[in-house]
Amino acid sequence: MSGQTTMPIDALRDSVHLTDPYTVRALHGRDRVLLGMGRGDGALYLPPGGGHVLVATGGGGGTTATLRSIAAQAVHLGAHVDLVDLDRRRPSHTWAASLDRIRVLARPDQVHDHLVETAEQLRHQDEETPDTWVRRRLTVIENADQVLHALRHYWTQTRPDSQLEEAPGVEALGVLLAAGRAVGHQVVAGSTRGIPPHLGTQVGDVFTTRVLAYGGQTLWARIAPEVWPVPPYSVIPGRMHAVQDGTSTRIQALYLSESEARAWARGTVPKEYR
């Protein structure tokens with residue numbers, strides 16, 4: 001157990017780990033994904049009923065750790081997760097290998113097929129927000145900017161004579177962002193730009209939750225333009241701002257190590273939860 005006090009505090013915690021007493025209280029018996037703890041140990045969760053999530057940080061700001069935490073919690077709650085991680089030399093999500101209800105997509109052709117098939121299913125699916133996590137699905141995308149580039153490159157290489165203005169995989173991602181929320185299919189993406197740009201909508205209209213860290217005014221203007229002035233950032237690892245409903249909340253993000261994320265996703269939980 002952590003050596004930190006179990007009593008609520010006015011300031012932010014310097015860390016939020018799985019077995020810290022205040023984290024145990026925030027997670028125990030909940031059916032929501034915990035983002036982190038705010039002032040006075042106020043827990044901040046993803047909104048009930050879904051909604052896309054964009055995580056945008058500078059280098060080393062915690063994008064991968066945040067995606068890992070969200071994905072592991074979703075699987076723990078019963079959802080199915082498709083995790084896009086195209087970096088073969090240094091994959092970011094080895095913790096997810098061979099786990100039930102989670103599929104790692106490590107090649108552009110796999111990502112293309114997944115997105116196109118999902119978009120086609122959405123076109124024939126009645127709008128009905130799932131009432132249980134077992135019926136929800138998440139597409140978690142590490143480095144979305146790289147993924148968009150890879151999808152376009154894949155299409156030009158495999159269909160050099162195509163007259164389409166945009167790669168079908170990118171178009172399909174736009175469909176998923178536009179229609180997925182209504183049927184319980186969420187996109188959780190790491191990107192400093194927002195995706196895809198051709199939707200013609202504000203980033204806040206697509207991503208109901210945006211998590212930012214280590215970002216200057218340029219990043220904030222791109223990802224959360226409605227929040228002004230730009231909140232100060234901190235060098236404390238895991239210190240972030242979550243933007244929901246036009247409001248920015250400063251949080252210390254929940255941190256799961258790779259081994260903790262794997263165990264949590266599998267349901268191998270600490271004794272405090274048994």
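Side-chain atoms are counted along with the backbone in the values below, which use heavy atoms only and exclude waters and symmetry mates. In this text the structure is predicted, and so the values were computed from the model without any measurement.
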Would you sort out whether Val188 and Ile141 count as a side chain to side chain contact (heavy atoms under 4.5 Å, CB included), showing the intermediate values? CA-CA 6 Å; Val188 182; Ile141 305 175; over 6 Å; no
For a side chain to side chain contact (heavy atoms under 4.5 Å, CB included) check, start with the C-alpha distance between Thr156 and Arg152, then their side-chain angles and the critical distance, and finish with the verdict. CA-CA 6 Å; Thr156 58; Arg152 293 179 176 119; 5.5 Å; no
Verify side chain to side chain contact (heavy atoms under 4.5 Å, CB included) between Leu27 and Leu18, making sure each step is shown before the conclusion. CA-CA 9 Å; Leu27 285 172; Leu18 190 61; 3.7 Å; yes
Test side chain to side chain contact (heavy atoms under 4.5 Å, CB included) on Thr192 and Asp145 and set out the steps. CA-CA 8 Å; Thr192 58; Asp145 301 327; 3.6 Å; yes
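Of the possible polar contacts, one joining the Gln186 side chain to the Gly51 backbone as a donor-acceptor pair under 3.5 Å is found. In this structure, the side chain of Ser69 does not engage the main chain of Ala65 through any donor-acceptor pair within 3.5 Å. Of the possible donor and acceptor atoms, none in the side chain of Asp245 sits under 3.5 Å from a partner among the backbone N and O of Thr247. Using modelled atom types, one side-chain atom of Arg101 and one backbone atom of Val75 make a donor-acceptor pair closer than 3.5 Å. At least one donor-acceptor pair under 3.5 Å links the side chain of Glu260 to the backbone N or O of Ser257.
Note that CE of Met240 and CG of Leu254 are 10.5 Å apart. Values are rounded to the nearest 0.5 Å. A distance of 10.5 Å separates CG in Leu176 from CD in Gln121, rounded to the nearest 0.5 Å. Distance CG/Leu151 to CD/Glu166: 9.0 Å, rounded to 0.5 Å. A distance of 3.0 Å separates NE2 in His114 from OG1 in Thr139, rounded to the nearest 0.5 Å. Distance check, rounded to the nearest 0.5 Å: CG of Leu86 to CG of Leu105 gives 8.5 Å. Within the model, atoms CG of Asp31 and OG1 of Thr132 stand 10.0 Å from one another, a figure rounded to the nearest 0.5 Å.
Within the structure, every pair that satisfies the salt bridge (charged side-chain N to carboxylate O under 4.0 Å, His left out) test and touches residues 212-233, not counting sequence neighbours, is listed here: Arg210-Glu226. Pairs engaging residues 47-63 under the side-chain hydrogen bond (donor to acceptor under 3.5 Å, both in side chains) rule: Thr57-Thr63 [sequence neighbours left out]. Applying the ring-ring contact (aromatic ring centres under 6.0 Å, His included) rule to pairs touching residues 234-262 yields His17-Tyr255, Trp220-His241, sequence neighbours excluded. Applying the ring-ring contact (aromatic ring centres under 6.0 Å, His included) test to residues at least two apart or on different chains, the pairs with a partner in residues 151-191 are His112-Tyr154, His112-Trp155.
Two residues are said to be in side-chain contact when any heavy atoms from C-beta on lie closer than 4.5 Å; Thr94 and Pro91 meet this criterion. Between Leu46 and Gln73 there is no side-chain heavy-atom pair separated by less than 4.5 Å. Between Val111 and Val147 there is a side-chain heavy-atom pair separated by less than 4.5 Å. Asp87 is not listed as a side-chain neighbour of Ser92, based on a closest heavy-atom distance of 4.5 Å or more. Within the 4.5 Å cutoff, the side chain of Gln244 has no heavy atoms near those of the Thr208 side chain. Asp14 places a side-chain heavy atom less than 4.5 Å from the side chain of Arg239. Between Arg123 and Val175 there is a side-chain heavy-atom pair separated by less than 4.5 Å. Asn143 has its side chain out of reach of Ser191: every pair of non-hydrogen atoms, C-beta onward, lies at least 4.5 Å apart.
Checked against side chain to side chain contact (heavy atoms under 4.5 Å, CB included), Glu117 has the following partners two or more places apart in sequence or in another chain: Asp113. Residues satisfying the salt bridge (Lys or Arg N to Asp or Glu O under 4.0 Å) test with Asp109, not counting sequence neighbours, are Arg107. Listed by chain and residue number, Ala26, Leu34, Met37, Tyr45 satisfy the side chain to side chain contact (heavy atoms under 4.5 Å, CB included) test with Ala43 (two or more places apart in sequence, or in another chain). Listed by chain and residue number, nothing satisfies the salt bridge (Lys or Arg N to Asp or Glu O under 4.0 Å) test with Arg90 (two or more places apart in sequence, or in another chain). Residues passing the salt bridge (Lys or Arg N to Asp or Glu O under 4.0 Å) test with Asp85, sequence neighbours excluded: none. In this view, Ala79 and Ala74, Trp133, Arg136, Leu138 satisfy the side chain to side chain contact (heavy atoms under 4.5 Å, CB included) rule, not counting sequence neighbours. When the salt bridge (Lys or Arg N to Asp or Glu O under 4.0 Å) test is applied to Arg68, no partner is found at least two apart in sequence or on another chain. Considering only residues two or more places apart in sequence or on other chains, Val104 meets the side chain to side chain contact (heavy atoms under 4.5 Å, CB included) condition with Ala96.
Under the 4.5 Å side-chain contact rule for hydrophobic residues, Leu219 and Trp228 share a cluster. Criterion: ILVMFWY side-chain heavy atoms under 4.5 Å apart, direct or through other members. Under it, Leu35 and Val24 are not part of a common hydrophobic cluster. Hydrophobic cluster membership differs between Ile70 and Val187, with clusters built from Ile, Leu, Val, Met, Phe, Trp and Tyr side chains linked at under 4.5 angstrom. Hydrophobic clustering of Ile, Leu, Val, Met, Phe, Trp and Tyr side chains at less than 4.5 Å, counting indirect connections, unites Val227 with Val203. Linking ILVMFWY side-chain heavy atoms closer than 4.5 Å, directly or via other members, places Val33 and Val55 in a single hydrophobic cluster.
Listed here is the closest heavy atom pair of Ile223 and Ala56: CG1-CB, 4.0 Å. For the pair Ser248 and Pro231, the tightest heavy-atom approach, listed with the atom from each and the gap, is OG-CG, 4.0 Å. The minimum heavy-atom distance linking Leu44 with Ala242 is given by the pair CD2-CB, 3.3 Å. Smallest separation of non-hydrogen atoms from Ala189 and Leu67: C-CD2, 4.1 Å. When all heavy atoms of Leu212 and Ala224 are compared, the pair lying nearest together is CD1-CB, 4.4 Å. Residue Ile236 comes nearest to Gln252 through the heavy atom pair CG2-OE1, 4.0 Å, listed as atom of the first residue, atom of the second, then distance.
Within a 6.0 Å sphere centred on NE2 of His149, other residues, nucleotides and ligands contribute 12 heavy atoms or fewer. Atom CZ of Arg266 is surrounded by 12 or fewer heavy atoms from other residues, nucleotides or ligands within 6.0 Å.
Using a 4.0 Å cut-off between charged nitrogen and carboxylate oxygen, Asp20 and Arg13 do not count as a salt-bridge pair.
No hydrogens or angles considered: a donor-acceptor pair under 3.5 Å links the side chains of Thr64 and Glu142.
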